[in-house]
Structure formats: structure tokens, C-alpha cells
Amino acid sequence: MEEELINTKNTALSFILEAKGERELEEIRLQFLGKSGKLTLTIKGIAKLPIEKRPEIGVLANDVKKQIEDALGRKLEELLSQTTINCDIDQTDPGIPSPIGHLHPTTQVLNETIDIFKTIGFQVADGPEIETDYYNFEALNIPKDHPSRDTQQTLFLDTRNTNITPGEIILRTQTSAMQGRIMEKIKPPLRVIVPGKVYRYEQVDASHGFEFWQLEGFMIDKNVTLTDLFGTLTYFLKQLFGEDTKVRFTCHNFPFVEPGVEAYMSCSVCKGKGCGFCKKTGWVEVLGAGMIHPNVLKTAKIDPKEWQGFAFGTGFSRIIALTYQINDLRTLTNPDVRVLKQF
Ligand code: PHE
């Protein structure tokens, strides 16, 4: 056994010495120290020796194992250092440039929009996407049985196994939900925009999504009128899309504004000629707006006799699509970099 161990050690060490590469070294390791390696099997055999022989041979076997392991370690270091020295690297060669991304089209248009509104005194606010029924509806003059709830295909959160009344926690369907939250916290006069994502159980098509961006804006001050609203919105759309953009307002009902309007702008995808995006009309609906309803102000403890305000909410995903002349909103959520690289 003693001789066998010495022989194994000598063979292993000479193999290690000759090894030409990492792979060969690994093979040698397995050949001697692997599960069924030569040394491993010899060591297993120690158990069969007479008991008085075992300690002496055990010590020797451990020593042999250690010497082989050390030799393997030294050789590996040597091989690795040679690899670096021998390999053909020109250290002065400029590297391969890593691809650099850019801001997503949504963020680009958002930044531009924020800049436009900041120049006319608006602050930017942010709010929760998981919202309560209260802020999304009740505080906006939309009580539980109001028919306008039907138009906002609401997604409800599963509140089973909680003590929350079913239906009270939802994904916000409109950034208008932030009106109440902000009015409760900041005293007028105020001018705020709130960009953010909203969710509705919608049939997805080129101009509708179940998850999309809106940008809410509202202003509360003394003597604010509908012309302030028209002026602000026309200014914003012309700044973003150019002076020749046409803007048109029609009457519309939203429970939280009185009077209420909808704003349309000339379709920038087809330049008003008519295309799939504008449903061949040449106009795209981009905003809902109006004068803040006195009930909304009262709910937030603002006296409507003293203060008036306007509010608007854009389908911001549409604004982004119109900016880049994208004729399908789904492009904006496509993660394929070949698509995103174009903007
Ligand atoms: N929140 C409305 C919507 O989602 C838009 C709107 C905002 C209308 C503010 C009037 C005032 O359709």
C-alpha cells in the first residue's frame, strides 16, 4: 500500500508537470482525485487494512493527496498567467463600443410636455395607480349609482380575505383621481399636471389599450374662465405639434366638470387627410376638459364662490402616437429594440 501511494504520487506529479492546458489539468485531477480516481480508491482501501496499519498509511495518504492538490493549484496558476502573457491582445486597440440606448418615446414626449407646462407655471405631481373608489369616482361627483361609471371599464382588485369592502380598491381609470388628493393637500391658487398610467378593461385596438397614459392638469384660482382653459390647451398642443395644428372643442359631459368639453386636434399622422388612426375623419380626440364642478371643490373643502378652476385629461398615449406618427398604440408597449430604436 505504501509503495502504491508513492507511485500514485509520482505519476500524478509528473503528469501535472507535463500538462499543457487547463482542460488537461482537470482531467488529471479527475484521474487521481475524482470519485473513482486512483488515489480516492486507494484511500478507500485503507479501511480493509489491519487496524494497527491504518493510522500510518492514513497519514501518508493524506500527505500524498495534499501534495497532488498543491501541485495542481500551482500548475493552474502558471497556466493562467501564461494565457494572459501569450495571448495576442493589442492593449492599445480601442474596444468594441457597447450599444447605448435612449429614452423611451413615452418618456421623451412626457419630458417635453412637462417643460411646456412648467413654463406656464404648472407643478408636476405623481400618484398611486392602485386607487380607492372614493378618489377615482366619489370625490369627482360620480356617486355609486352614476351611469358614467359604465363608460369606465373598471378593473377591481381582489379584496377577498381582507376587511376591505369589495369594489373599493381599483386600478385607477383616470388620472382625475388625483384632483381630490391634491385639492385636499394644497391650498389654491394652484396649477398642477399629473402624468400617469391608467387602466381600463378595454378591447385593445390601434387606438385603445387596457393600460395607457393620461396627463391630468388643473388650475384653481380666482376668476378662472373657460377661455383660460381653451387658451392653455391650444397653447400646449401648438407648442408640442407646431403652430399649424388645428384644435377644435365640442360639448361633452363629464360629471366632474361643468361645462364639459372634448378637444380634438387635426390628425398629425395623416395631416388631416384621414387614416386608420383618426378613423378617416382627419381629427383625433385628445382631451376631455371643463370647468371644475362646484361639488368637486366643495368635497375638497374649497369654497366654489371664492375659487374657480378648470381641469383637463389627455389620452397621453395618443399624444405620443401623434407626435411620432405611430398609427398603432401597441407599438408603444412593444419591447422589441428594433421598434424602439426608430424613435
Ligand atoms: N378623466 C377624463 C377621462 O378619462 C378626462 C377629463 C379630465 C375630463 C379632466 C374632464 C376634466 O376621460
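In this chain, numbering begins with 1 at the start of the sequence shown. We count ligands from 1, going down the list as the structure has it; atoms in each ligand are counted the same way. Keep in mind that what you see is a predicted model, and the values were worked out from it rather than measured.
Proximity of the aromatic rings of Tyr235 and Phe122 is defined here by a centroid distance below 6.0 angstrom, and this criterion is not met.
Atoms of ligand 1 found under 4.0 Å from any heavy atom of Phe256, numbered from 1 in the order shown, are 1 (N), 2 (C), 6 (C), 7 (C), 8 (C), 9 (C), 10 (C), 11 (C). Within ligand 1, counting atoms from 1 as listed, the ones closer than 4.0 Å to a heavy atom of Gly288 are 6 (C), 7 (C), 8 (C), 9 (C), 10 (C), 11 (C). Of all atoms in ligand 1, numbered sequentially from 1 with element shown, those under 4.0 Å from a heavy atom of Gln174 are 1 (N), 2 (C), 3 (C), 4 (O).
The closest heavy-atom contact to atom 3 (C) of ligand 1, among the options His293, Glu262, Arg200, Arg172, comes from Arg200.
Put simply, part of Gln214 is less than 4.0 Å from ligand 1, judged by heavy atoms.
In this structure, Asp158 pairs ionically with Arg160, as a charged nitrogen and a carboxylate oxygen lie closer than 4.0 Å. Using a 4.0 Å cut-off between a side-chain N of Lys or Arg and a carboxylate O of Asp or Glu, Asp70 and Lys66 qualify as a salt bridge. Salt-bridge formation is detected for the pair Lys144/Glu168: a Lys NZ or Arg NE/NH1/NH2 atom is positioned less than 4.0 Å from an Asp or Glu carboxylate oxygen.
In this structure, the side chain of Arg149 engages the main chain of Pro143 through a donor-acceptor pair within 3.5 Å.
Annotation: atom 12 (O) of ligand 1 to nearest protein heavy atom, Phe254 CE2, 3.7 Å. Looking only at heavy atoms of the protein, atom 7 (C) of ligand 1 is closest to Gly313 N, 3.2 Å.
Contacts of Ala289 with ligand 1, taken as heavy-atom pairs under 4.0 Å, involve the backbone alone.
Contact annotation: the side chain of Leu287 never approaches that of Phe249 to less than 4.5 Å [non-hydrogen atoms, C-beta and beyond].
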Next item on the list: Apply salt bridge (Lys or Arg N to Asp or Glu O under 4.0 Å) to the pair Glu26 and Arg23, showing each step before the final yes or no.
Entry: CA-CA 5 Å; Glu26 177 61 10; Arg23 185 176 297 183; over 6 Å; no

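In terms of N/O distances under 3.5 Å, ligand 1 is approached by Ser176.
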